[in-house]
Amino acid sequence: MNVYTTDKIRNVVILGHGGAGKTSLVEAMAYLSGITSRLGSVADGNTISDYDKEEIKRKFSITTSMVPIVWGDTKINILDAPGYFDFAGEAVEACAAADAAIIVVNGKSGVEVGTQKAWDLCEKFKLPRFFFVSNMDFDNASYRKVVDALTELYGKKIAPVHVPIRENEKFVGYVDVVKNIGMRYVNKQEKVECPIPEYLEEYIENYRGTLMELVAETSEEFMDRYFEGDEFSPEEIVSALHTNIADCSMIPVTMGASVNLQGVLILLDDIVSFLPSPEKRRFAGVNTKTKEVFEANYDFSKAKSAYVWKTLVDPFIGKYSFIKVASGVIKGEDTLYNDAKGTEDRVGKLYVMEGSKPVEVKELHAGDIGAIGKIEAATGDTLSTKATPIAYGKIDTPVPYTYKRYEPKVRGEEDKVAQALSKMAQEDLTLKVVNDGENRQTLLYGLGDQHLDIVVSRLLTKYKVDVNLEKPKVAFRETIRKSSDVDSKYKKQSGGHGQYGHVKMRFSPLDSLDVPFEFSQEVVGGAVPKNYFPAVEKGIADSCQKGPLAGYPVVGVKAVLYDGSYHPVDSSEMAFKTAASQAFKKGFMDASPVLLEPIASMKVTVPDKFTGDVMGDLNKRRGRVLGMNPDHKGNTIVEADVPMSELYGYSTQLRSMTGGSGDFTYEFARYEQAPNDVQEREIAARKSEE
């Protein structure tokens, strides 16, 4: 592939709800640009961007793929991001690398939750954007409903620039609102001018009015002319569009049918004409040597630097680090310094990725996106030179809250599974593996049940290891509510030296649950020699690791050694440790023992209309609602304390209740006494396990 300078590059992420038609649009773009000689389809599993076995099997995107399209003298780096919420981390990474976005809306389904989430991502990354209404060749597709819904959500910055022409329920052409002319399709790519149908005149007038108002706001001169009733020329409108789109004060709405290649040519032209090249974007980091701000701004004349926005690890094609060049020009054979790791890597070869196919390039200019093979870099790392070491901000990916315990189906494959998951976690920042030694389980964290199911499926297909996912054990604690007084003697005689340890101890609740126990002694007259005090304390410490009630760790116990006796020959540290351990078990069970359950402090953000459903569900989960606050965007933030044991499956339930629009976060808050029925159930379950 040729080398492209910064002004001839466009980095565009394709966003939208799952099933909106993003991959089909990318496929149509790839076909029109000549990358592919035939038009693939998601149903047939032969598209350029959905190449993973899981994507082909499930017929939706799971990871972000890159397709560089040459259009005229410009290279458009298309980033096809997944629309399903379980893979939101991929969409975030793609937005971090993009300079603009196309939000695809299904003309049949209209504006969906994923459409709004895509908009929120564009707002977060300040990306200029277009809306593309897909599937206009379907009978029940409604462009007008989409425009009305978008206008209701985002106001007058929504500007339709094309309107479909239908005859006998068929999509046959469109009206260009800017030029105020009709165009009719002759075949899939050719079109001729035609009259604007009468039934559309009212809508065209309204849409042109909106467009003229936005154009007028670009300058005082235009505003004066607008109020005087002047018409703006198409050239003036186009000039204003450049300004308004770049500063996100206007969001054009266009449309088409990807399968028939309708509207795709125009969209490619518009991407080149209206969406900004990287040189129009600001980007800064820190020079870690001088501690000064480094204004990279995709300037090719500055010291070379790039950041890794995605990692691909495949057992067959190897590891690729996807980079976006932030400054300078990176060439094959360059040596780049990784400030986060303090290491240098020789680049070797540079690539651009056409889906799964690496295409070698000589160099990448500032603003371009490519890949480097086999370097020790992680997603979020910065690559620069040792003379000018730079660090850019890390990518803020969603936090995974859904988790399950996993176990290999075949004994002895624990290491193979751990290595495979480690490689997968390099690719996917929303996948976490946590070793819970306390409950003897390993936990797999993801963004939802579907996410975890696909991880398991990939383990089998890619790495040939199989695992079971199960409901995780909850980390309960044990403590006491009353006081007890215990006399414990350990005596053993078996010929020769015997064993003798005798302690009298008091146990009572501590004010704090942050420590397992607090030990003190009140022994007088040497009833128990001082050199045995540490052994007594060790006996208590060992007993606290696995409590007498259900085998959970003990917290919040005060232990006082106040008396006892010893034998000058038979007493030993081991004997006193054992006596203390026996005393603890008896004293604990005599002091009204209880199970404590972990409580999460939770925030659930949902559209106002779902607040009642969410609160009802939290009550069923034994949650205590502490407050409700509006976020002034049509949502309510419900704050509640919920037992951790009740959060299993919450992600799936919340999405089901809210159509995917609900979101939640939580963190461990404290331990509280579990209700009696929960205690009884848990104790019985632990006994059956033992």
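Heavy-atom basis, side chains included; hydrogens, waters and symmetry copies ignored.
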Using every non-hydrogen atom in the two residues, find where [X] and [Y] come nearest and quote the distance to one decimal.
| X | Y | answer |
| --- | --- | --- |
| Ile35 | Pro68 | CD1-O, 3.0 Å |
| Val13 | Cys95 | CG1-SG, 4.2 Å |
| Pro400 | Lys432 | CG-CG, 3.8 Å |
| Ala30 | Ile48 | CB-CG2, 4.2 Å |

* Asked: When you look at Tyr445 and His451, which way does the ring-ring contact (aromatic ring centres under 6.0 Å, His included) test go after all the steps?
  -> CA-CA 9 Å; Tyr445 279 77; His451 186 192; over 10 Å; no
Salt-bridge present ([X], [Y]; N to O < 4.0 Å):
| X | Y | result |
| --- | --- | --- |
| Asp368 | Lys75 | yes |
| Asp50 | Lys59 | no |
| Lys310 | Glu90 | yes |
| Lys341 | Asp381 | yes |
| Lys124 | Asp120 | no |
| Asp99 | Arg10 | no |
| Glu123 | Arg129 | yes |

* **Verdict with reasoning, Leu275 to Asp270, per side-chain contact (heavy atoms from CB on, under 4.5 Å)** => CA-CA 7 Å; Leu275 294 181; Asp270 287 347; over 6 Å; no
Is [X] atom [atom1] crowded by more than 12 heavy atoms from other residues, nucleotides or ligands, each under 6.0 Å away?
| X | atom1 | answer |
| --- | --- | --- |
| Phe60 | CZ | yes |
| Lys603 | NZ | no |
| Met628 | CE | no |
| Asp436 | CG | yes |
| Lys280 | NZ | no |

Would you check, one step at a time, whether the test side-chain hydrogen bond (donor to acceptor under 3.5 Å, both in side chains) holds for Glu55 with Ser61?
CA-CA 6 Å; Glu55 293 177 318; Ser61 300; 4.7 Å; no
Item to complete: Check the pair Thr636, Asp608 against side-chain hydrogen bond (donor to acceptor under 3.5 Å, both in side chains), reporting the backbone distance first and the verdict last.
Response: CA-CA 5 Å; Thr636 298; Asp608 296 340; 2.7 Å; yes
Judged by modelled atom types alone, do [X] and [Y] share a side-chain donor-acceptor pair under 3.5 Å?
| X | Y | answer |
| --- | --- | --- |
| Ser321 | Lys374 | no |
| Thr379 | Thr311 | yes |
| Thr47 | Thr23 | no |
| Ser134 | Asn106 | no |

| message | Applying side-chain contact (heavy atoms from CB on, under 4.5 Å) to Val133 and Thr254, what does each step give before you reach the verdict? | response | CA-CA 6 Å; Val133 184; Thr254 180; over 6 Å; no
If we only count heavy atoms from C-beta on, is the [X] to [Y] side-chain gap below 4.5 Å?
| X | Y | answer |
| --- | --- | --- |
| Gln419 | Lys423 | no |
| Leu79 | Ile369 | yes |
| Leu654 | Val606 | yes |
| Leu647 | Tyr403 | no |
| Asn77 | Met66 | yes |
| Phe294 | Val286 | no |

What is the distance from atom [atom1] of [X] to atom [atom2] of [Y], rounded to the nearest 0.5 Å?
| X | Y | atom1 | atom2 | value |
| --- | --- | --- | --- | --- |
| Lys22 | Leu25 | NZ | CG | 10.0 Å |
| Ser65 | Asp80 | OG | CG | 4.5 Å |
| Asn135 | Ser24 | CG | OG | 7.5 Å |
| Ser651 | Phe664 | OG | CZ | 5.0 Å |
| Asn635 | Thr605 | CG | OG1 | 6.5 Å |

Hits for ring-ring contact (aromatic ring centres under 6.0 Å, His included) against Tyr154, two or more places apart or cross-chain, chain-then-number order -> Trp119
For [Y], is there any backbone N or O sitting under 3.5 Å from a side-chain donor or acceptor partner on [X]?
| X | Y | value |
| --- | --- | --- |
| Asp631 | Lys633 | yes |
| Lys304 | Ile330 | no |
| Asp52 | Glu54 | yes |
| Ser422 | Ala418 | no |
| Ser305 | Ser384 | no |
| Glu27 | Gly40 | yes |
| Ser273 | Asp269 | yes |
| His365 | Thr5 | no |
| Lys319 | Ala377 | yes |
| Ser457 | Asp453 | no |

Please lay out, stage by stage, how Met424 and Val455 fare under the test side-chain contact (heavy atoms from CB on, under 4.5 Å). CA-CA 8 Å; Met424 291 175 75; Val455 168; 3.7 Å; yes
With Thr288 as partner, the option from Thr382, Asp339, Thr388 fulfilling side chain to side chain donor-acceptor pair (under 3.5 Å) is Asp339
(Q) Go through it in stages, so that I can follow the logic: the residues are His242 and Phe274, the test is ring-ring contact (aromatic ring centres under 6.0 Å, His included), and I'd like the CA-CA distance, side-chain angles, deciding distance and then a yes or no. (A) CA-CA 5 Å; His242 280 101; Phe274 296 113; 4.8 Å; yes
Item to complete: Measure up the Tyr320 and Tyr351 rings against each other and bin them: parallel (under 30°), tilted (30 to 60°), perpendicular (over 60°).
Response: perpendicular
Any chance you could lay out the side-chain contact (heavy atoms from CB on, under 4.5 Å) test for Glu279 and Ile9, step after step, and finish with the verdict?
CA-CA 9 Å; Glu279 64 183 354; Ile9 294 167; over 6 Å; no
* Is NZ or CZ of Lys324 both nearer than 6.0 Å to the six-membered ring centre of Tyr307 and within 45° of the ring axis? -> no
For the pair Phe283 and Tyr392, evaluate ring-ring contact (aromatic ring centres under 6.0 Å, His included) and give the outcome as yes or no after the intermediate values. CA-CA 9 Å; Phe283 191 67; Tyr392 296 115; 4.7 Å; yes
